[in-house]
Structure formats: C-alpha cells, structure tokens
Amino acid sequence: MKLLTYQIKNSEPRLGFLHDNQVIDMANFGAAVKLELPSTMLELIDMGSEIIPEINALLKQVDKNLLQGFTFGADEVTFLAPIPKPRKNIIGIGLNYTEHVAESARTLDTSNELPQKPVIFSKPPTTVTATNTNILLNAKLTQQLDWEVELAVVIGKKGKYVAKEKALDYVFGYTIINDISARDCRRAGQWIVSKGQDTFAPMGPILVTKDDIPNPHNLNLSLTVNGIEKQNANSKFMLFNINELIEDLSIVFTLEPGDIIATGTPSGVGAGRNPQEWLWDGDVVAATVEGIGTLVNTVKEIKV
C-alpha cells in the first residue's frame, strides 16, 4: 500500500493512500467500510502491519461510489513528509556502501577501511521536510552543502535483541530520505551539526508498506542535481543490509514503532567529486528509489 500524509490548502494534515492514481482519505475510508482507521501515519503504524491486508481486502470490496466524497486527484493535495514529526531522532547509518567509504576517505578524512560495525548517527525531528519544499542553506554555517540519496526503513513494532533472520518482521514500510550534509560543520569527528540542521532530512513523497516491496535489497537508487545525474546504485550493495542493521541497532537501543532508519548512501556525493561540488541557492535536487518514487527539493539560501 502506498501511504501519504497530505494537506488540502491550509487544512490539518491527514493520512491517505494512493489508489488508481488518486488520493483516498484513510479515516473517511474507514468510516465508509465500518472500520475505525486513524488520521495520522504514526497512529496507523501503531496498529501494526496486520492492518494493511485488512484495508486492502476492504478496498477490493467497497462500492466505489462511497469513496467519491473523500477522493482527490494527486494534483489537488499537498504531499507532506510521510511522518512530518517523528517521535525520535532519525537513525542515520554512515559509510554503508563500499565506494562511498572510498570516496569519503579521499576527501573527508574518514578511514579507508570498511567498517566492521554499522556507523550510527542521528538527525533531529526538525530536520524533516517534505517533497517540493526548500532545503535551507545558511551560508554563515556552511559553504559545503551536500546530497545523499537513501532508502529509509520505518519500524512497525517494538524490538529489542532482534535476530537478523526475523528483522524484516519488524519493518512497517519504506520511504526516501535525502541525508543533506554540511561537510564543513563536523566538530571533532561528531556529525550532528553537519547532519542535523533544519530541513536536512527531506522525506517522502510517500511511504510504501513492506508487502509492496518484498525485496528491499534490490532497489535502484539515484539522484540528480538540476537534472544531471550524480548518484546511481542499488541497495544490494549495502555493506550492512537492513536485517543486519536492525539486529545491530536493537542491541544498542530498543526500536519502536515509527522509528526511521536511513540506511546510508552510495557513492557520487559532492564531496567525493573532483573537483568537489556543492549545493547552492536555487539548485533542484531529485532523489529516486525504485518502487517508492522521487523526492524533489530546492535549495534556498536564508539570510540570518
């Protein structure tokens, strides 16, 4: 199922799903089929993945005429981030593609040895922004704004000490995150200032439930800047796959419904290019993951 958080004009954000290229409001659909359904993504995730086949079954049976009052064209709504305000920091994974390890070692003073354990960092909830919004560039903070297309995993149920063989049972679905990074803002090896500025985690445009992506380890990822391709790879080249990431993370801390894991970026980032390339005011960045869609943002310099 393809889920979204949407808005019409200045209304409150609502939960919907895509069906036949249209947006159907989730709570209103529930009322029509006599199943209580929520109006936010986090509330739906809290219901567990088991609710998705039930919704799909009802969708096949429902009289389409009942849907008319709460069905919209995709161009009639504003797509918000699937989870506009995560409950906790986004969990980031660094250096999770071999070629990205090599390019980072050349230009960012990181080790050229492959990590033996996942490299973990985090991005605050205020980094989240939607597709078709601005990535804010504070030129007083950074002159090295960079891009990173990533497959993001959304956790569906609480897990501690999760065995990797069962890890995908804990996944609710997948979305896209562009892990925007200010390369000149690292402090004593710490990444939070580099990764954690407002709008530095564009997310979306939708969340696809795991039943629609049976193999997350064979998805093409790509990114363009102003229409020019900068990244192109496949999730099968992760050093630590999703199963291994969930196992490792759940040893460190409890994973909970709605937690988001950005699984790392392949090579092709601006810092790794010769000469290096950075994002500037007016640049348009489009991050694509197969089976999910394309996340588009424009860089806007702010005056502070």
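In this structure, a donor-acceptor pair under 3.5 Å is absent between the side chains of Thr71 and Gln68. Judged by distance alone, the side chains of Thr142 and Asp184 do bring a donor and an acceptor atom under 3.5 Å apart. Side-chain N/O atoms of Thr294 and Thr288 include a donor and acceptor closer than 3.5 Å.
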Q. Given Ile55 and Val33, is the side chain to side chain contact (heavy atoms under 4.5 Å, CB included) satisfied, shown in steps?
A. CA-CA 9 Å; Ile55 296 170; Val33 298; over 6 Å; no
Q | Pair Tyr6-Met26, side chain to side chain contact (heavy atoms under 4.5 Å, CB included): steps then yes or no | A | CA-CA 11 Å; Tyr6 75 95; Met26 182 67 78; over 6 Å; no
Q: For Arg14 and Glu12, run salt bridge (charged side-chain N to carboxylate O under 4.0 Å, His left out): C-alpha distance rounded to whole Å, both residues' side-chain angles, the deciding distance at 0.1 Å, then the answer.
A: CA-CA 6 Å; Arg14 301 279 298 179; Glu12 288 294 312; over 6 Å; no
Q: Could you walk me through whether Glu148 and Lys195 pass salt bridge (charged side-chain N to carboxylate O under 4.0 Å, His left out), step by step?
A: CA-CA 11 Å; Glu148 293 190 6; Lys195 303 280 194 176; 3.2 Å; yes
Q: Take Val171 and Tyr174 through the test side chain to side chain contact (heavy atoms under 4.5 Å, CB included) and record every step on the way to the result.
A: CA-CA 8 Å; Val171 172; Tyr174 306 92; 3.7 Å; yes
Q. Given Thr40 and Leu15, is the side chain to side chain contact (heavy atoms under 4.5 Å, CB included) satisfied, shown in steps?
A. CA-CA 5 Å; Thr40 74; Leu15 175 63; 5.5 Å; no
Q: Start with the C-alpha gap between Lys300 and Asp281, add the side-chain angles, then the distance that decides, and say whether salt bridge (charged side-chain N to carboxylate O under 4.0 Å, His left out) holds.
A: CA-CA 5 Å; Lys300 182 176 178 59; Asp281 185 62; 5.6 Å; no
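Residues Lys85 and Val128 form no side-chain contact, since every pair of their non-hydrogen atoms from C-beta on lies 4.5 Å or further apart. Looking at Val62 and Leu58, their side chains never come closer than 4.5 Å, going by heavy atoms from C-beta outward. Between Asp283 and Thr298, the closest side-chain pair of non-hydrogen atoms is not below 4.5 Å. The closest side-chain heavy-atom distance from Gln197 to Thr199 is not below 4.5 Å. Using a 4.5 Å heavy-atom cutoff, the side chains of Val208 and Thr175 are not in contact. Counting heavy atoms from C-beta on, the side chains of Val162 and Leu249 never come closer than 4.5 Å. With contacts defined as side-chain heavy-atom distances shorter than 4.5 Å, the pair Val225/Val284 does not qualify. Two residues are said to be in side-chain contact when any heavy atoms from C-beta on lie closer than 4.5 Å; Asp248 and Ile246 fail this criterion.
Each of Ile52 and Ile206 belongs to its own hydrophobic cluster when Ile, Leu, Val, Met, Phe, Trp and Tyr are linked at side-chain heavy-atom distances under 4.5 angstrom. In the hydrophobic cluster analysis, where Ile, Leu, Val, Met, Phe, Trp and Tyr join through side-chain heavy atoms closer than 4.5 angstrom, Ile261 is grouped together with Ile180. When hydrophobic clusters are built by joining Ile, Leu, Val, Met, Phe, Trp and Tyr residues whose side-chain heavy atoms come closer than 4.5 Å, directly or via intermediates, Phe172 is not grouped with Leu4. Hydrophobic clustering of Ile, Leu, Val, Met, Phe, Trp and Tyr side chains at less than 4.5 Å, counting indirect connections, keeps Leu80 apart from Ile90. With hydrophobic clusters built from ILVMFWY side chains whose heavy atoms lie under 4.5 angstrom apart, Val285 shares a cluster with Leu295.
Although no hydrogens or angles enter the test, the distance criterion places a donor-acceptor pair under 3.5 Å between the side chain of Ser235 and the main chain of Leu219. Without hydrogens or angle criteria, Gln116 side chain to Leu114 main chain gives a donor-acceptor distance under 3.5 Å. Distance alone, capped at 3.5 Å, is enough to place a donor-acceptor pair between the Lys210 side chain and the Leu168 backbone. With Gln231 contributing its side chain and Val149 its backbone, the two residues share a donor-acceptor pair below 3.5 Å. In terms of modelled atom types and a separation under 3.5 Å, the side chain of Asn297 and the main chain of Ile135 share no donor-acceptor contact. Under the 3.5 Å distance criterion, the side-chain polar atoms of Thr133 are left unmatched by any main-chain donor or acceptor of Thr129. Checked by atom type and distance alone, the side chain of Asp25 never pairs as donor or acceptor with a backbone atom of Phe70 at under 3.5 Å. In this structure, the side chain of Thr263 engages the main chain of Leu151 through a donor-acceptor pair within 3.5 Å. Between the side chain of Glu244 and the main chain of Asn241, a donor-acceptor pair closer than 3.5 Å is present. When atom types are taken as modelled, the side chain of Ser194 and the backbone of Cys185 share no donor-acceptor pair closer than 3.5 angstrom.
The environment of Gln190 atom CD is sparse: at most 12 non-hydrogen atoms of other residues, nucleotides or ligands sit within 6.0 angstrom. More than 12 heavy atoms of other residues, nucleotides or ligands shown are found within 6.0 angstrom of CG on Asn215. Atom NZ of Lys64 sits in a crowded spot, with more than 12 heavy atoms from other residues, nucleotides or ligands closer than 6.0 Å. Atom NZ of Lys164 has 12 or fewer heavy atoms from other residues, nucleotides or ligands within 6.0 Å.
Summarising the geometry of Ser122 relative to Ile192, their closest heavy-atom pair is O-CD1, 3.3 Å, with the distance given to 0.1 Å. Scanning both residues, Pro216 and Ile242, for their nearest heavy atoms gives CB-CD1, 3.6 Å. Between Asn96 and Gly264, the shortest heavy-atom contact is CB-CA, 4.3 Å. For Val154 against Leu207, the heavy-atom pair with the smallest separation is CG2-CD1, 3.7 Å. The two residues Ala74 and Val23 make their nearest non-hydrogen contact at CA-CG2, 4.2 Å. Of all non-hydrogen atoms in Gly268 and Arg273, the two that sit nearest each other are O-NE, 3.3 Å.
If you take CG on Asn132 and CZ on Phe79, they are separated by 9.0 Å, rounding to the nearest 0.5 Å. In this structure, Trp280 CH2 and Leu137 CG are separated by 7.0 Å, a value rounded to the nearest 0.5 Å. Leu255 CG to Lys158 NZ: the interatomic distance, rounded to the nearest 0.5 Å, is 11.0 Å. Separation of atoms CD1 (Ile177) and OG1 (Thr127) is listed at 7.5 Å; rounding is to 0.5 Å. Atom CD1 of Ile292 and atom CD1 of Ile176 lie 5.0 Å apart (nearest 0.5 Å). In this structure, CZ on Phe121 lies 6.5 Å from OG on Ser181, to the nearest 0.5 angstrom.
Here the rule is side chain to side chain donor-acceptor pair (under 3.5 Å) with Glu256, and of Lys160, Arg87, Lys88 only Lys88 fits it.
A salt bridge does not link Glu247 with Lys166: every distance from a Lys NZ or Arg NE/NH1/NH2 to an Asp or Glu carboxylate oxygen is 4.0 Å or more. Looking at Lys2 and Asp212, no side-chain N of the basic residue comes within less than 4.0 Å of a carboxylate O on the acidic one, giving no salt bridge.
Classified by interplanar angle (parallel below 30°, tilted 30° to 60°, perpendicular above 60°), the ring pair Phe29/Phe17 is perpendicular.
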